[in-house]
Structure formats: C-alpha cells, structure tokens
Amino acid sequence: MKGGEGGDGALEWKFSQVFGERTAGEEVQEVDIISAIEFDKSGDHLATGDRGGRVVLFERTDKKEHGGNRKDLEKTDYSISKHPEFRYKTEFQSHEPEFDYLKSLEIEEKINKIRWCQSANGALFLLSTNDKTIKYWKVQEKKIKKVAEINMVPSKATGKANVANSSVASTPKPHLANGGHTDKSYTSLSNDLLFPPGGVSSLRLPVVTCNETNLVARCRRVYAHAHDYHINSISNNSDGETFISADDLRINLWNLEISNQSFNIVDVKPTNMEDLTEVITSAEFHPTHCHTLAYSSSKGSIRLIDLRQSALCDKHSKLFVEQEAPGSRSFFTEIIASISDIKFGKDGRYLLSRDYMTLKLWDINMDSGPVSTFQVHEHLRPRLCDLYENDSIFDKFECCLSGDGQRVATGSYSNLFRVFGRHPGTTEATTLEASRNPMRKQVQTPSRPSRSLSSITRAVRRGADSPGVDANGNSFDSTTKLLHLAWHPTENSIACAAANSLYMYYA
C-alpha cells in the first residue's frame with residue numbers, strides 16, 4: 001500500500017497550509033478573491049491571481065531543508081511522506097483597471113489565467129492575462145547595493161568632513177595661467193579637507209556592499225489589442241517560444257518575443273452574428289506535440305486541431321462530443337453541456353473536460369465517446385431552475401489531473417472539491433471541504449456505475465448522489481463556490497481557492 005492510501009486505494013487527504021485565512025465573521029473584499037491558480041512544471045513555485053489584478057508567488061521550502069551533496073543526503077534519515085510546505089515569496093500588481101473609450105467599456109483588472117514559462121538564469125517567467133491584455137513577467141532577485149563606509153583619515157575629518165557633504169568654494173578667485181591659483185588653500189575640495197604637503201599616503205574610496213537581495217517583478221512584454229472579446233484562456237507551447245490566447249470567437253498564436261503581432265489560427269465568428277450558435281470556452285496546447293492543440297465549445301464539444309494542416313485551422317482533425325441520450329433534451333441541456341475547462345494529462349494521451357454536471361475523461365485516440373464520466377453535480381439536477389435564476393448555472397469550474405494521471409479533481413459548491421480515481425474498477429470518489437479539517441463533513445457516498453454509453457466507449461459513471469442535497473448530504477450553498485484548483489505536477493498535493501483563502505492539502 002502506498003503512503004497516504006486507505007485500504008480501498010483511496011487517498012487519505014490531510015490539511016497542509018492555508019494563506020489568507022478569514023476570521024469568523026470577516027467580510028471578504030471583492031478585490032481579494034482568488035481568480036487563478038497555477039503550479040510551475042517543477043512544482044516548487046505556485047502563483048495565484050486575484051480580482052484586484054495582483055499576482056502572488058509562493059515558493060516551496062521543505063525541499064531546501066535537505067539540500068547538500070549526495071552522501072549527506074544518503075546519511076540523512078527523514079520521512080519521504082513529509083508534506084510539502086510553501087511560503088510567501090513576493091507579489092506584484094499585474095493589471096490595472098482600464099477603460100476602452102472606443103467601445104465605452106470598462107476593462108476590469110481581474111486575472112483570468114496565469115501560465116508559467118521556462119525559467120532562465122535564476123529568474124522566473126510567467127504570463128498573466130485579464131479580459132483584454134496579456135503580460136509577460138520576469139521575477140528576479142536583485143542585489144541591493146549600499147555604501148557601507150567611506151574610508152577617510154579621521155584626523156582630517158572635522159566639521160563637514162565627509163566627501164559627500166564637502167563643497168567646492170563658490171567665491172570667484174583670480175586664476176593664473178596654466179591653472180595656477182593665487183590662494184594655496186583652494187587646492188583642496190574645501191578648507192576643511194586639506195591635502196598634506198607630501199601628498200596622500202593611501203587612496204581611500206567608498207566601500208559598496210551587497211548583503212541584501214530584493215525580488216523585483218518587471219513586465220517584459222505587453223500583448224494587447226488582439227482580442228475583441230474577453231480572453232478566457234492562455235496556454236504555453238512545448239516549443240518554449242510560442243503561446244496561444246483564446247477569446248469567445250478566436251484563438252491567436254503569439255511568439256513570446258514579439259508583442260505587436262499575432263496570427264489568428266481559429267476563427268468561429270460567422271458572417272452574420274445572428275447565425276452564432278456556439279463560442280470557444282477554453283483552449284490548451286498539447287504538452288509534448290507543439291503542432292497540436294485542443295479547444296472546447298459551449299455546445300459540449302472538443303476539437304483537436306493540427307497546425308501543420310493549414311495556417312487558418314477552420315477544420316479540426318478530431319471532434320470529441322458525447323451523443324445526447326434520446327428524450328433527455330430540456331431547456332437546460334445546452335447550458336449544462338457547455339465545457340468550462342479542459343486539461344491535457346502529462347503524457348498528452350488523455351484530455352479532461354469539465355461541464356456543469358460532470359467531469360469527462362477522453363482518450364485522444366478514441367473520439368467515439370469519453371472513457372470515463374464522473375458525476376459531480378447530479379444531485380443538483382432538480383434545482384436547475386433555481387440555479388438558472390441566480391445565474392449559478394453559468395459558473396465556470398476548473399478541473400485538474402494528478403501528475404501520474406491516476407486521479408482527477410474539480411470544485412463544487414459549499415467550498416467543496418471532489419477527487420476521483422480514474423482506473424476501471426475503482427470506486428474512489430472523495431469529497432473534501434476547503435477548511436483546516438477537509439474530512440469534517442465527509443460521509444460515504446454511494447458510488448454506483450450507470451449503464452455505459454456503448455460497449456466501445458467503456459464509459460463509467462461514478463459519484464452520483466441523492467437528489468436535493470450536496471455531495472455530503474447537507475443543504476448546499478451556491479454563494480460559496482470552489483472554482484479554482486491545481487494539482488502538484490509530481491506529488492499528491494492540491495492547492496485550491498475558497499474566496500480569498502488559499503488552501504493546500506496532501507495525501
């Protein structure tokens with residue numbers, strides 16, 4: 001049995017840390033609500049963005065404690081299961097509120113997405129975006145130079161005896177030819193600092209020291225004026241040179257070094273806007289194939305496109321969509337089918353999508369249907385009318401996969417998030433609360449597989465719950481929603497955002 005696993009193979013999740021924890025009754029400021037979370041590839045750094053346009057960086061500290069050469073590490077006996085610890089590193093103002101005078105439109109500063117880029121020379125690089133503008137940031141430690149002392153001869157330092165304070169006499173004096181002077185006293189900087197007749201025995205200079213370092217965030221590039229609609233996604237390419245940005249109708253390809261030009265590679269805008277039937281909701285580059293990317297739509301479909309086929313990718317190479325069950329269509333069918341987030345697995349073989357009701361796992365080699373379907377909000381189906389009235393039905397929940405691809409996770413209401421095991425035969429469906437005691441409301445939920453879509457898809461549905469209550473059997477709160485979460489790339493550790501608080505868990 002692996003560390004952190006229970007008898008049934010399900011992970012036992014434990015609280016690790018919290019940043020920005022609220023006290024009882026404390027009111028949350030709108031600008032402090034977290035709107036984006038992202039680990040870097042190493043998992044040693046974590047970035048969050050908020051509605052106030054700020055980016056906050058955290059760095060891992062527990063790895064550094066065991067630094068040293070290999071022999072020392074081999075002699076050191078410490079538990080491998082020691083939970084990851086992060087500390088606050090720095091923060092900076094990424095975006096400011098703007099106003100589009102041509103369209104009379106306010107552009108809020110809220111950070112929509114953060115993506116880490118390749119680090120170089122000890123500096124960290126990342127992309128952040130609000131609704132209209134993408135920025136490329138460099139965060140680096142800079143040494144603070146200070147003048148520690150000025151080596152002067154104490155016997156000569158009287159009165160204003162400091163080189164910085166010394167002044168040249170301003171009274172005009174008659175000069176002789178070739179720089180001669182009638183008054184010998186004016187051969188020095190001031191009357192207080194006289195050069196001795198035999199000259200200075202040793203040259204004395206200010207001493208500059210660099211004992212302190214300061215983290216400086218500098219905006220290297222600004223990629224603006226390329227989107228008419230709100231940007232919902234940015235994604236780095238595996239080539240390390242390019243990235244994509246997606247809005248409701250277009251996907252643009254950028255070079256990191258060129259900020260004044262981008263290439264439009266996907267355009268779903270119809271000639272007549274009245275003919276518009278679907279919009280782009282999310283886009284992601286393949287983790288290893290630099291020519292492949294996927295984007296999802298509000299109709300519940302995912303398209304895989306190959307940049308080698310044509311400059312404008314109007315035609316997809318593969319289409320992933322789940323066929324509607326006969327007689328199941330209702331007023332809410334299209335709304336709840338809209339995909340809010342897609343994520344590739346680490347190896348690029350599987351693709352995870354999140355719609356309002358479910359998580360779906362797709363094999364990119366099999367477009368007949370999802371490999372697995374995980375029920376997240378089935379218990380809310382009787383309440384869809386209420387959720388439509390208060391606009392909660394349009395909430396955009398994110399999803400993530402574990403680094404080994406064995407598990408998937410997504411958020412829900414009442415500050416809950418759910419973790420599912422994805423292998424056939426497993427019944428792992430854990431519900432956790434974003435608090436210091438994640439298992440506080442945990443109850444066993446029935447995990448019943450439903451009928452598979454077809455013998456070809458081998459779809460498995462798990463985690464369905466009793467109607468009218470949340471996943472823990474409690475009345476759910478649609479005002480407290482856990483939209484953003486991220487899985488550590490190499491360990492079973494999850495970071496999730498509950499309003500302005502960042503919670504971290506490990507297993």
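FYI, the numbering just counts along the sequence from 1. The figures here come from the full heavy-atom set of this structure, side chains too, leaving out hydrogens, waters and symmetry mates.
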* **Test log, rule salt bridge (Lys or Arg N to Asp or Glu O under 4.0 Å), inputs Lys481 and Asp395** => CA-CA 9 Å; Lys481 56 197 77 171; Asp395 288 335; 3.0 Å; yes
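- Residues Trp254 and Ile234 are not in side-chain contact: their nearest non-hydrogen atoms beyond the backbone lie 4.5 Å or more apart.
- Taking the six-membered ring where the residue is Trp, the centroids of Tyr223 and Phe243 are separated by under 6.0 Å.
- In this structure, the separation between CG on Asn252 and CG on Asp247 is 7.0 Å, given to the nearest 0.5 Å.
- In this structure, the separation between CG on Leu361 and CG on Leu401 is 6.5 Å, given to the nearest 0.5 Å.
- Here the closest non-hydrogen pair linking Thr133 and Ala224 is CG2-CB, 4.0 Å.
- Residues Asn112 and Asn232 bring no donor and acceptor atom of their side chains to less than 3.5 Å of each other.
- Counted by atom type alone, Thr281 and Ser296 present one or more donor-acceptor pairs between their side chains at under 3.5 Å.
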* Given the rule in the side-chain contact (heavy atoms from CB on, under 4.5 Å) test, do Ile494 and Trp13 qualify, once you have shown the distances and angles that lead to the verdict? -> CA-CA 9 Å; Ile494 291 178; Trp13 292 92; 3.6 Å; yes
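- Formation of a donor-acceptor pair under 3.5 Å by the Asp248 side chain with backbone atoms of Arg250 is not found in this model.
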* Could you walk me through whether Ile111 and His95 pass the side-chain contact (heavy atoms from CB on, under 4.5 Å) check? -> CA-CA 8 Å; Ile111 304 297; His95 287 73; 3.5 Å; yes
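- Within 6.0 Å of the CZ atom in Phe92, the count of heavy atoms belonging to other residues, nucleotides or ligands exceeds 12.
- Below 30°, between 30° and 60°, or above 60°: for His289 and His291 the angle between ring planes is below 30°, a parallel geometry.
- Nearest heavy atom pair, residue Arg354 against residue Gly411, reads NH2-O, 2.8 Å.
- Taking the side chain as every heavy atom from C-beta outward, Ile34 and Val56 never approach each other to under 4.5 Å.
- Between Lys299 and Val321 the shortest side-chain heavy-atom distance does not fall below 4.5 Å.
- Annotation: the span from Asn415 atom CG to Leu432 atom CG amounts to 12.5 Å, rounded to 0.5 Å.
- For the pair Ile244/Leu253, a side-chain contact is recorded, criterion being any heavy-atom separation below 4.5 Å from C-beta on.
- Distance check: Asp239 CG to Cys290 SG gives 5.5 Å after rounding to the nearest 0.5 Å.
- When the shell of 6.0 Å around NZ of Lys138 is examined, it contains more than 12 heavy atoms from other residues, nucleotides or ligands.
- Using a 4.0 Å cut-off between a side-chain N of Lys or Arg and a carboxylate O of Asp or Glu, Glu428 and Arg407 qualify as a salt bridge.
- Under the 6.0 Å distance and 45° angle rule, Arg115 does not count as a cation-pi partner of Phe285.
- We find the CZ-OG1 distance between Phe420 and Thr410 to be 8.5 Å, quoted to the nearest 0.5 Å.
- Using modelled atom types, no side-chain atom of Asn237 and backbone atom of Gly240 make a donor-acceptor pair closer than 3.5 Å.
- Side chains of Leu11 and Val419 form no contact here, defined as non-hydrogen atoms less than 4.5 Å apart.
- The shortest non-hydrogen separation linking Asp44 to Phe86 is O-CE2, 3.8 Å.
- Between the side chains of Thr358 and Lys360, a donor-acceptor pair is found at a separation under 3.5 Å.
- Ionic pairing of Arg418 and Glu378 is not present here: no N-O contact between side-chain nitrogen and carboxylate oxygen is shorter than 4.0 angstrom.
- Side-chain N/O atoms of Ser35 and His484 include no donor and acceptor closer than 3.5 Å.
- Ion pair Glu108/Arg51 not flagged as a salt bridge, since none of the NZ, NE, NH1 or NH2 atoms sits closer than 4.0 Å to an Asp/Glu carboxylate oxygen.
- Side-chain atoms of Arg22 and Asn500, non-hydrogen and from C-beta on, do get closer than 4.5 Å to each other.
- Lys343 places a side-chain N or O within 3.5 Å of a backbone atom of Cys399 that can act as its donor or acceptor partner.
- For Ser340 against Ser282, the heavy-atom pair with the smallest separation is O-CB, 4.2 Å.
- Looking only at distances, no side-chain donor or acceptor of Ser414 sits under 3.5 Å from a matching main-chain atom of Leu416.
- Residues Met504 and His488 are not in side-chain contact: their nearest non-hydrogen atoms beyond the backbone lie 4.5 Å or more apart.
- Remark: aromatic rings of Tyr413 and Phe397 are close, center separation under 6.0 Å.
- For Tyr101, the OH atom counts as loosely surrounded, since its 6.0 Å shell holds 12 or fewer non-hydrogen atoms of other residues, nucleotides or ligands.
- Between Arg308 and Asp306 there is a salt bridge, since at least one side-chain N of the basic residue sits less than 4.0 Å from a carboxylate O of the acidic one.
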* **Step-by-step side-chain hydrogen bond (donor to acceptor under 3.5 Å, both in side chains) determination, Glu433 to Ser435** => CA-CA 6 Å; Glu433 181 188 31; Ser435 67; 3.2 Å; yes
* Asked: Taking it one step at a time, do His286 and Ser238 satisfy side-chain hydrogen bond (donor to acceptor under 3.5 Å, both in side chains)?
  -> CA-CA 8 Å; His286 191 280; Ser238 58; over 6 Å; no
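- With rounding to the nearest 0.5 Å, the separation of CG in Asp50 from NZ in Lys110 is 11.0 Å.
- You'll find the side chain of Glu257 reaches within 4.5 Å of the side chain of Arg221, heavy atoms only.
- Under the 30°/60° scheme for interplanar angles, the aromatic rings of Tyr503 and Tyr505 are found to lie parallel.
- Counting heavy atoms of neighbouring residues, nucleotides and ligands inside a 6.0 Å radius, atom OH of Tyr388 does not exceed 12 of them.
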* Asked: Are Asp363 and Arg349 close enough, and set up right, to give a side-chain contact (heavy atoms from CB on, under 4.5 Å), and what steps lead you there?
  -> CA-CA 6 Å; Asp363 185 335; Arg349 168 82 183 268; 2.7 Å; yes
* Apply side-chain contact (heavy atoms from CB on, under 4.5 Å) to Asp32 and Arg54, showing your working. => CA-CA 9 Å; Asp32 294 331; Arg54 291 166 302 211; 2.6 Å; yes
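- In this structure, Gly403 and Trp487 approach most closely via the heavy-atom pair N-CD1, 4.3 Å.
- Looking at every heavy atom in both residues, His227 comes nearest to Ser245 through NE2-OG, 2.6 Å.
- Note on ring orientation: taking the six-membered ring where Trp is involved, the planes of Trp116 and His45 are tilted (angle from 30° to 60°).
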